[in-house]
**Student:** 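One structure is given below, represented as structure tokens, and several questions about it will come after.
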Amino acid sequence: MQLIQQLRKYRRLEFTLLLMASCFLSFGLIVLRVMATGKLQFIFLIWNLFLAFIPFFIANWLYLFRDRFNKITVIPMVAMWLLFFPNAPYIITDIIHLHPSKDFGYWYNLLIVISCVWNALVMGLLSLNDIQNVLTEKFGKLTAWIVSISSVFLGAFGIYLGRILRWNSWDLFFDTKCLVYDITDRIINPMSHGRTLGVTLFYGMFLLIVYLFFRQLMVRKEAV
């Protein structure tokens, strides 16, 4: 398979398999909880992990086959990636579904959420790193950094849209008018939406610091 060949070529196959194993561990933890309790309380995390996988797959594919894209054709791929990118860091907010107690069930639930957050965040950071590398090759470092930093804060804004306003990525196609209204209203009247600014700013800063740290680790790894 061509994809596997490309993963081997860029020495990504082992890491990709490890990431998939980590995701299957999260899946297994959720399934085991369902079997033990008969409740579907955390089953939604499987869907959220799948949504986090979409930007990872798009960015990974774009990076592995970047020679097939030019400056024009790479733009719609990056736009598609950006549409789904907020789904990766969004899982951080799923911690609200935890209800602290001293029972073993709480600690098991905490493990489930942390496992899913870890996998989604890693996939999101990897996808952003791949997008930046592709944009650096096609447009230069400055453009790549501008897009990357902007994507981080747009991702934080996406977290607000998803968690607070309950919008989904696909609503852009199925409920375009209402979604665009909510977005433009907050852009035109930012001071009237303090919570929007707060979530976007603080989550954006957090994600940016995490990404810069992650990016530095990736640079050190590639230098070895």
Side-chain angles (χ1 to χ4, degrees), residues 19 22-56 81-128 151-172 174-175 178-179 181-183 185-187 190 192-214:
L19 180 59
S22 183
C23 289
F24 277 116
L25 173 61
S26 298
F27 176 78
L29 290 172
I30 295 171
V31 171
L32 185 59
R33 186 188 188 283
V34 172
M35 294 173 61
T37 65
K39 299 179 180 179
L40 303 177
Q41 183 179 355
F42 288 97
I43 199 75
F44 67 90
L45 285 172
I46 296 177
W47 174 248
N48 286 353
L49 269 182
F50 171 74
L51 292 177
F53 174 78
I54 294 176
F56 169 76
W81 165 82
L82 183 58
L83 176 63
F84 289 97
F85 172 65
N87 290 306
Y90 171 84
I91 295 188
I92 296 173
T93 64
D94 281 327
I95 196 170
I96 67 170
H97 297 287
L98 292 173
H99 305 288
S101 71
K102 296 182 180 180
D103 297 336
F104 170 76
Y106 165 72
W107 298 106
Y108 188 84
N109 295 341
L110 178 63
L111 178 61
I112 289 176
V113 174
I114 290 178
S115 172
C116 292
V117 169
W118 164 257
N119 289 319
L121 200 54
V122 167
M123 286 191 286
L125 294 173
L126 284 172
S127 72
L128 181 55
S151 298
V152 167
F153 284 93
L154 287 173
F157 181 60
I159 292 175
Y160 171 82
L161 291 176
R163 176 55 65 191
I164 308 300
L165 300 186
R166 306 307 296 163
W167 287 109
N168 297 299
S169 298
W170 53 86
D171 286 323
L172 181 62
F174 297 104
D175 200 356
C178 292
L179 175 57
Y181 173 80
D182 276 346
I183 293 175
D185 181 47
R186 282 156 179 79
I187 294 175
S192 300
H193 301 282
R195 185 164 55 174
T196 306
L197 285 174
V199 172
T200 302
L201 180 62
F202 290 114
Y203 271 81
M205 290 191 298
F206 168 74
L207 293 174
L208 180 60
I209 293 297
V210 172
Y211 175 64
L212 292 176
F213 183 78
F214 178 83

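Owing to the predicted nature of the structure, the values given are computational and were not obtained by experimental measurement.
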**Student:** Rounded to the nearest 0.5 Å, how far apart are CG of L25 and CD1 of I112?
**Tutor:** 10.0 Å
**Student:** Between A156 and G204, what is the shortest heavy-atom contact and its length?
**Tutor:** CB-N, 3.4 Å
**Student:** With a 4.5 Å heavy-atom cut-off, do F157 and I183 have their side chains touching?
**Tutor:** yes
**Student:** Rounded to the nearest 0.5 Å, how far apart are CG of L125 and CZ of F213?
**Tutor:** 11.0 Å
**Student:** For the OH atom of Y90 and the CZ atom of R163, what is their distance to the nearest 0.5 Å?
**Tutor:** 3.5 Å
**Student:** Look up atom CG in N119 and atom CZ in F56, then write down how far apart they are to the nearest 0.5 Å.
**Tutor:** 10.5 Å
**Student:** Considering non-hydrogen atoms only, spot the tightest contact between S127 and G124 and give its length.
**Tutor:** OG-O, 2.7 Å
**Student:** Can you confirm whether F42 sits close enough to N48 that some side-chain heavy atom of one is under 4.5 Å from a side-chain heavy atom of the other?
**Tutor:** no
**Student:** Any non-hydrogen side-chain atom of F27 less than 4.5 Å from a side-chain atom of L49?
**Tutor:** no
**Student:** In this structure, which one of F84, W81, F85 forms a side-chain contact (heavy atoms from CB on, under 4.5 Å) with I54?
**Tutor:** F84
**Student:** Excluding sequence neighbours, so at least two apart, what forms side chain to side chain contact (heavy atoms under 4.5 Å, CB included) with L111?
**Tutor:** L29
**Student:** Can you confirm whether the side chains of T196 and Y160 place a donor and an acceptor under 3.5 Å from each other?
**Tutor:** yes
**Student:** Could you list the residues that satisfy side chain to side chain donor-acceptor pair (under 3.5 Å) with Y211, not counting sequence neighbours?
**Tutor:** Q132
**Student:** Would one find more than 12 heavy atoms of other residues, nucleotides or ligands at under 6.0 Å from atom CD1 of I95?
**Tutor:** no
**Student:** In this structure, are over 12 heavy atoms from other groups packed under 6.0 Å from F24 atom CZ?
**Tutor:** no
**Student:** Using a 6.0 Å cut-off, check whether atom OH of Y106 has over 12 heavy atoms from anything other than its own residue.
**Tutor:** yes
**Student:** For F50 and W47: C-alpha separation, side-chain torsions, deciding distance, then whether ring pair (Phe, Tyr, Trp, His ring centres under 6.0 Å) applies.
**Tutor:** CA-CA 5 Å; F50 171 74; W47 174 248; 5.4 Å; yes
**Student:** Answer whether the closest heavy-atom distance between the side chains of V113 and L45 falls below 4.5 Å.
**Tutor:** yes
**Student:** Looking at side-chain heavy atoms only, is the closest gap between W118 and S22 below 4.5 Å?
**Tutor:** yes
**Student:** Which pair of heavy atoms, one from L207 and one from V152, lies closest together, and at what distance?
**Tutor:** CB-CG1, 3.7 Å
**Student:** Rounded to the nearest 0.5 Å, how far does CG of L201 lie from OH of Y203?
**Tutor:** 12.5 Å
**Student:** About how many Å separate CD1 of I159 and CD1 of I91, when rounded to the nearest 0.5 Å?
**Tutor:** 10.5 Å
**Student:** Pick one: which of Q41, H97, R33, H99 meets side-chain hydrogen bond (donor to acceptor under 3.5 Å, both in side chains) with N109?
**Tutor:** R33
**Student:** With side chains defined as the heavy atoms from C-beta onward, is the minimum distance between L179 and L165 less than 4.5 Å?
**Tutor:** no
**Student:** Compare all side-chain heavy atoms of F214 with those of L128 and state whether any distance is below 4.5 angstrom.
**Tutor:** no
**Student:** Using a 6.0 Å cut-off, check whether atom CZ of F153 has over 12 heavy atoms from anything other than its own residue.
**Tutor:** yes
**Student:** Check whether any side-chain heavy atom of C116 lies under 4.5 Å from a side-chain heavy atom of I30, and answer yes or no.
**Tutor:** yes
